[in-house]
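See structure below.
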Amino acid sequence: MSQNIYDIDSVRQIEVLEKSLGGLAECKRLGFIFEDAQGIMSLSVAGLGYLLSVEARGITSLAEAFAAGYECAQDEIKAKG
């Protein structure tokens with residue numbers, strides 16, 4: 001079994017993702033973790049977005065996540081208009 005190798009700047013964030021999503025495989029499946037050609041894993045932009053927009057806000061249900069995403073999109077549209 002190979003050891004997981006993490007980018008030093010991403011270790012804590014990846015640990016939080018693994019704990020909240022049920023493991024490394026699910027984090028990778030969702031695209032929240034990026035693994036480079038040398039096998040070093042780091043937090044992806046999507047993973048950072050999840051931590052900031054969902055985890056930090058305490059969102060726990062799919063409906064809450066959808067509502068937060070919709071609200072974010074509406075704010076973006078208003079800012080451009």
Side-chain angles (χ1 to χ4, degrees):
M1 176 184 254
S2 64
Q3 182 178 353
N4 294 325
I5 302 171
Y6 302 115
D7 174 70
I8 192 71
D9 294 328
S10 299
V11 173
R12 291 200 188 273
Q13 294 94 338
I14 290 173
E15 288 174 348
V16 170
L17 282 173
E18 283 185 278
K19 186 176 180 181
S20 69
L21 298 174
L24 186 60
E26 184 66 1
C27 296
K28 286 182 176 181
R29 185 187 76 78
L30 294 168
F32 291 171
I33 294 176
F34 172 76
E35 188 170 354
D36 69 14
Q38 291 141 353
I40 299 172
M41 291 180 271
S42 58
L43 189 66
S44 71
V45 174
L48 178 61
Y50 176 84
L51 288 174
L52 294 174
S53 300
V54 177
E55 191 70 25
R57 292 175 65 182
I59 293 173
T60 57
S61 74
L62 181 59
E64 287 177 311
F66 180 84
Y70 182 81
E71 180 181 313
C72 181
Q74 289 297 315
D75 291 346
E76 186 72 23
I77 290 168
K78 288 177 187 175
K80 288 181 180 181

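From a predicted model like this one, the values you see are computed outputs, not experimental measurements. Just the heavy atoms: all of them, side chains too, but no hydrogens, waters or symmetry mates, feed the values below.
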Shortest non-hydrogen contact from [X] to [Y]?
| X | Y | result |
| --- | --- | --- |
| Asp36 | Gln38 | OD1-N, 2.9 Å |
| Cys27 | Glu18 | SG-N, 3.7 Å |
| Gly31 | Ala46 | O-CB, 3.8 Å |

For the hydrophobic clusters of this structure (ILVMFWY residues joined by side-chain heavy atoms under 4.5 Å, transitively), does one cluster hold both [X] and [Y]?
| X | Y | value |
| --- | --- | --- |
| Leu48 | Leu17 | yes |
| Leu52 | Leu21 | yes |
| Val54 | Leu30 | yes |

Roughly how far, to the nearest 0.5 Å, is the [atom2] atom of [Y] from the [atom1] atom of [X]?
| X | Y | atom1 | atom2 | value |
| --- | --- | --- | --- | --- |
| Ile33 | Ile14 | CD1 | CD1 | 4.5 Å |
| Ser61 | Phe66 | OG | CZ | 12.0 Å |
| Glu76 | Gln74 | CD | CD | 11.0 Å |
| Glu55 | Lys19 | CD | NZ | 9.5 Å |

Original post:
Does Ser42 offer a backbone N or O that forms a donor-acceptor pair with the side chain of Ser10 under 3.5 Å?
Top reply: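 Answer holds: no.
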
**OP:** Could you tell me whether a side-chain N or O of Ser44 sits under 3.5 Å from a main-chain N or O of Phe34, the two making a donor and an acceptor?
**Re:**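 Side chain of Ser44 to backbone of Phe34, a donor-acceptor pair under 3.5 Å: no, none is there.
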
Subject >> Pair Arg57-Glu64, side-chain contact (heavy atoms from CB on, under 4.5 Å): steps then yes or no >> reply: CA-CA 10 Å; Arg57 292 175 65 182; Glu64 287 177 311; over 6 Å; no

Subject >> Verdict with reasoning, Leu51 to Phe32, per side-chain contact (heavy atoms from CB on, under 4.5 Å) >> reply: CA-CA 10 Å; Leu51 288 174; Phe32 291 171; over 6 Å; no

Original post:
Around Ile8, counting heavy atoms of other residues, nucleotides and ligands shown, do more than 12 lie under 6.0 Å from its CD1?
Top reply: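 Not buried by this count: 12 neighbours or fewer within 6.0 Å.
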
Subject >> Chi angles and distances behind the side-chain contact (heavy atoms from CB on, under 4.5 Å) call for Tyr6, Ile40 >> reply: CA-CA 5 Å; Tyr6 302 115; Ile40 299 172; over 6 Å; no

**OP:** State plainly whether the residues Glu26 and Arg29 are in salt-bridge range, i.e. N to O under 4.0 Å.
**Re:**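 The answer is yes: the pair qualifies as a salt bridge.
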
Original post:
Do Met41 and Asp7 have side chains that get closer than 4.5 Å, going by heavy atoms?
Top reply: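 Side-chain contact under 4.5 Å: no.
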
